[in-house]
Amino acid sequence: MPRTLFAGNWKMHKTAAETRAFVTAFLPQLAGIPAGAGIVIAPPFTALATAHEALDGSRVALGAQNVHWETQGAYTGEISIGMLQEHGVHYVIVGHSERREYFGELDRTVNLKVQALLRAGLTPIVAVGETLEERQAGRTDERVISQIREALNGIGDRDIQRLVVAYEPIWAIGTGQNCDPAEAGRVMGTIRGCIPALEDVPILYGGSMKPENVAAYMAQHHINGGLVGGASLDATSFAALIKNGTMDA
Ligand code: 13P
């Protein structure tokens, strides 16, 4: 797994046709980006087949934004790991704050999803982060440590070494109010330090990351890349962000 990783979380954006147009514009702009940097796009489920086909033979890996932990069954509206694998998915975002806030995602279900993904050989991108209220109450570290411990509960060290963590302060998501890079790096160091097996795991920052601020994040010791929302929707902006984030790599 690459140590430096940039993943675009498209959320509920882009049809299959728009995904194809993005990939056509995006791939030629990746020339010059160091080969060691991992690049992932996570489109909506309905665009995965098109993305898989369009990305064939490229360096860009495919991600999904959610998954169910069971292999099959009476779970209306859900998608299994096997269904994702059929479309070449290698990464799955788990525990995004929007899933937690709007769709009832719990630490317990995050844990079930992480376990199932690791069992199947996929890479979970485990997202954690505090609300503004928690930050103002001085409970940031406590919150993210609790989320990461619950998410990885019962998972052995070797498996933990196969996942990716994303720190996304909720108040910084989609607001243009990005977290101060040094503070993000500090929290990410706290996350890394709370479980020894996380020592070499990539930890991504997420929350209003842009081509203009990515270098300041990447200069932080504990920041290994980005989980990018808005700035990943435009091919030129996402390519510029990755370029600016890997300039010193
Ligand atoms: P923005 O980059 O739009 O703030 O979103 C971050 C995010 O939630 C990525 O998962």
Side-chain angles (χ1 to χ4, degrees), residues 4-14 18-19 22 26 38-45 47-48 51 60-67 84 89-103 105 110 113-114 117 123-132 134-135 140 143-144 147-148 151 163-181 183-185 187-188 191 201-218 220 223-245:
T4 301
L5 187 68
F6 288 92
N9 172 14
W10 286 1
K11 310 190 180 185
M12 198 169 73
H13 294 283
K14 293 197 194 293
E18 288 164 346
T19 298
F22 175 97
F26 187 54
I39 304 172
V40 177
I41 58 169
F45 291 132
L48 287 174
V60 180
L62 196 53
Q65 300 173 21
N66 188 27
V67 73
L84 297 181
V89 167
H90 283 108
Y91 293 83
V92 181
I93 302 164
V94 179
H96 192 281
S97 60
E98 289 150 17
R99 301 276 344 148
R100 294 179 193 256
E101 184 179 354
Y102 305 130
F103 304 104
E105 185 82 270
V110 171
K113 292 175 182 187
V114 172
L117 287 165
T123 303
I125 301 178
V126 184
V128 300
E130 82 287 359
T131 62
L132 184 59
E134 287 162 343
R135 170 159 287 269
T140 296
R143 183 76 190 113
V144 297
Q147 284 178 323
I148 203 77
L163 53 79
V164 174
V165 173
Y167 169 56
E168 301 203 310
I170 296 169
W171 48 273
I173 296 177
T175 58
Q177 236 198 316
N178 59 305
C179 182
D180 172 67
E183 169 59 11
V187 177
M188 289 155 88
I191 293 169
V201 160
I203 307 189
L204 316 181
Y205 169 77
S208 301
M209 187 179 253
K210 304 278 179 241
E212 301 76 41
N213 63 27
V214 62
Y217 288 102
M218 296 306 286
Q220 297 292 324
I223 304 187
N224 308 115
L227 182 55
V228 185
S232 75
L233 292 172
D234 175 77
T236 301
S237 140
F238 194 34
L241 187 154
I242 300 166
K243 255 179 214 155
N244 294 351

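In listed order, ligands and their atoms are each counted from 1.
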Taking only distance into account, with no hydrogens and no angle test, what donor-acceptor pairs under 3.5 Å do side-chain atoms of residues 225-233 form with protein atoms, sequence neighbours excluded?
unit_1, atom_1, unit_2, atom_2, d
Ser232, OG, Val228, O, 3.1
Ser232, OG, Gly229, O, 2.8

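- Each of Arg99, Glu105, Glu101 was evaluated against Phe103; a single residue qualifies, Arg99, per the side chain to side chain contact (heavy atoms under 4.5 Å, CB included) test.
- For Gln65, there are no side-chain hydrogen bond (donor to acceptor under 3.5 Å, both in side chains) partners, not counting sequence neighbours.
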Check ligand 1 for N or O atoms under 3.5 Å from a protein N or O and list each pair with its distance.
unit_1, atom_1, unit_2, atom_2, d
ligand 1, 2 (O), Gly229, N, 2.9
ligand 1, 3 (O), Gly230, N, 2.8
ligand 1, 4 (O), Gly174, N, 2.6
ligand 1, 4 (O), Ser208, N, 2.7
ligand 1, 5 (O), Lys11, NZ, 3.3
ligand 1, 8 (O), Lys11, NZ, 2.8
ligand 1, 8 (O), His96, NE2, 2.8
ligand 1, 8 (O), Glu168, OE1, 3.4
ligand 1, 10 (O), Asn9, ND2, 3.0
ligand 1, 10 (O), His96, NE2, 2.9
ligand 1, 10 (O), Glu168, OE1, 3.3
ligand 1, 10 (O), Glu168, OE2, 2.9

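- The shortest side-chain heavy-atom distance between Phe26 and Ile242 falls under the 4.5 Å cut-off.
- With hydrogens and angles left out, the side-chain atoms of Tyr217 and Asn178 include a donor and acceptor closer than 3.5 Å.
- Not a single ring-ring contact (aromatic ring centres under 6.0 Å, His included) links Trp171 to another residue, sequence neighbours left out.
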